[in-house]
Amino acid sequence: MTNLSEKHIVLGLSGGIACYKAAELCRALVKAGATVQVVMTEAAAQFMTPVTMQALSNRPVYVSQWDAREPNNMAHINLGREADAILVAPASADFMAKLLHGRADDLLSLMCLARPLDKVPLLLAPAMNREMWAHPATQRNVAQLRADGTHVLEVGQGDQACGEVGDGRMLEPEEILEDLIAFFQPKVLQGRSVLVSAGPTYEPIDPVRGITNLSSGKMGFAIARAAREAGAQVTLVAGPVSLATPRGVQRVNVRSAREMQEAVMAAVPSAQVFVATAAVADWRPDQAADQKIKKDGSGQTPTLRFTENPDILAGVAQSERAQSGALFCVGFAAESHDLLNHAKAKRERKGVPLLVGNIGPATFGQDDNALLLVDAQGAKELPHASKLELARLLVQDIARRLAV
Ligand code: C5P
């Protein structure tokens, strides 16, 4: 299973320099498993040739509403009917203005107007100069398009082809892909606020050394992404990892367990779900040295004394918010053996309604995993799959528990 398998996407291009990114986007969609039908305006064909888009999508490209290749000569009907979504990227200011008025004087706008509103969603990735984007006419059009049910993606910020700097760039192909994949996920956590802790912690010994562990943060980042895909507002408190932040997720970077605790506690009052995937160090050096501890050649080794770190999850589970049922807490357990018994015992010790067990050494740093969900009633297995697929199943499971 890939993220867009069995999805048929009509990729529309309207005129703008961001058409050069549409080639990469087309490849990314195909790589994610989608079949892609490209439809371009004549202006778009000035920026990117249909030849390139045909080669990348592996299908003939449509530009004109007078294209006679379709037996019934109705490309605008046929192409739209087959789509799981129409994605126009880039969507120019002019193209959006046209859509808003229901105008249909080229194949792409005609197809958008003719699509069955309840079956074929329309997504737009706007791309334009910052002044054009900020203009009240464009902003008005975006607001009205959204009110009409069109899914208008955000714009990027930064250097523009015209040499100016500001809002209005088209999102990068990978970002559009992530938004499209998210679009298709069921919105089971719409309006909810989810807090996730992820990654290892780092406990300094001196300014250049410290104690950490092998947690990659991948499972927690996947859960943050899946929760956001499901419509939640997500805060991700991340230990030191170099993973990319999932789109739309608010990330707070921390290093030590105590910093993680502070960031988690700050987010608890507005959270409805807390998923603690972080591998928090159990102990930290009693006192971190201000200066690097030097080897003096005597063969003497330094003695380290340790202090126990706070148990963040147990603390949150004891909070009034969790105890009153306003906050649903989920713990993780990375074990090396006897998963069920250890997970059961840990669930009780932490005082959480749901504890997710996994085999630590088998999953640290990997892209896939297998989970065991343990609650008061018993245990359920989520068999081996990618961390993102498992995260989506876990999010759906949590959503069902919230609904009860
Ligand atoms: O006790 P143990 O580390 O095995 O428990 C794992 C669970 O508790 C995970 O959900 C982890 O994020 C959380 N935890 C925590 N603070 C700690 C230790 C663990 O939040 N100091």
Side-chain angles (χ1 to χ4, degrees), residues 194-204 210-224 226-227 234-241 243 251-268 271 273-286 306-319 321-322 327-364 369 371-375 379 382 387 390-391 394-395 397-398 401:
V194 174
L195 171 63
V196 181
S197 73
T201 62
Y202 176 91
E203 312 295 333
I211 293 171
T212 186
N213 60 63
L214 288 176
S215 167
S216 65
K218 286 182 178 175
M219 193 67 231
F221 275 59
I223 290 169
V234 182
T235 303
L236 172 62
V237 178
V241 291
L243 297 174
R251 176 174 181 170
V252 183
N253 283 327
V254 297
R255 238 162 63 123
S256 67
R258 284 182 297 174
E259 280 173 30
M260 184 172 275
Q261 183 185 37
E262 203 177 304
V264 164
M265 291 322 276
V268 157
V273 178
F274 174 41
V275 187
T277 67
V280 184
D282 291 318
W283 309 281
R284 63 174 181 276
D286 208 358
F306 290 92
T307 305
E308 193 167 309
N309 269 327
D311 191 317
I312 303 169
L313 175 60
V316 172
Q318 286 306 312
S319 69
R321 205 169 156 72
L327 174 66
F328 186 81
C329 291
V330 184
F332 260 72
E335 305 293 344
S336 60
H337 62 285
D338 203 4
L339 191 53
L340 179 60
N341 284 330
H342 281 118
K344 273 184 179 166
K346 193 159 290 184
R347 192 188 80 83
E348 302 215 340
R349 205 168 65 241
K350 301 273 176 182
V352 293
L354 177 63
L355 194 120
V356 182
N358 57 175
I359 299 292
T363 186
F364 275 172
N369 199 358
L371 302 179
L372 186 68
L373 276 51
V374 178
D375 64 13
L382 298 184
K387 286 185 176 174
L390 290 170
L394 178 62
V395 157
D397 188 279
I398 292 170
R401 291 167 196 267

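Atoms within each ligand, like the ligands themselves, are counted from 1 in listed order.
Here the NZ-CG distance, from Lys344 to Asp375, works out to 11.0 Å after rounding to the nearest 0.5 Å.
The side-chain heavy atoms of Glu262 and Val254, taken from C-beta on, include no pair separated by under 4.5 Å. At least one side-chain heavy atom of Leu371 sits less than 4.5 Å from a side-chain heavy atom of Met219. Side-chain contact between Leu195 and Val316: absent, with no pair of heavy atoms (C-beta onward) separated by less than 4.5 Å. Side-chain atoms of Ser216 and Phe221, non-hydrogen and from C-beta on, never get closer than 4.5 Å to each other.
For the side-chain hydrogen bond (donor to acceptor under 3.5 Å, both in side chains) test, no residue two or more places apart in sequence or in another chain qualifies with Arg255.
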Show the short N or O contacts, below 3.5 Å, that ligand 1 makes with protein N or O atoms; if there are none, say 'none'.
from: ligand 1; atom 1: 1 (O); to: Lys350; atom 2: NZ; distance (Å): 3.0
from: ligand 1; atom 1: 4 (O); to: Lys346; atom 2: NZ; distance (Å): 2.2
from: ligand 1; atom 1: 5 (O); to: Lys350; atom 2: NZ; distance (Å): 3.0
from: ligand 1; atom 1: 8 (O); to: Lys350; atom 2: NZ; distance (Å): 3.1
from: ligand 1; atom 1: 10 (O); to: Ala276; atom 2: O; distance (Å): 2.6
from: ligand 1; atom 1: 10 (O); to: Phe332; atom 2: N; distance (Å): 2.8
from: ligand 1; atom 1: 10 (O); to: Phe332; atom 2: O; distance (Å): 3.3
from: ligand 1; atom 1: 12 (O); to: Ala276; atom 2: O; distance (Å): 3.3
from: ligand 1; atom 1: 12 (O); to: Ala278; atom 2: O; distance (Å): 2.6
from: ligand 1; atom 1: 16 (N); to: Ile312; atom 2: N; distance (Å): 3.0
from: ligand 1; atom 1: 20 (O); to: Leu313; atom 2: N; distance (Å): 2.8
from: ligand 1; atom 1: 21 (N); to: Pro310; atom 2: O; distance (Å): 2.8

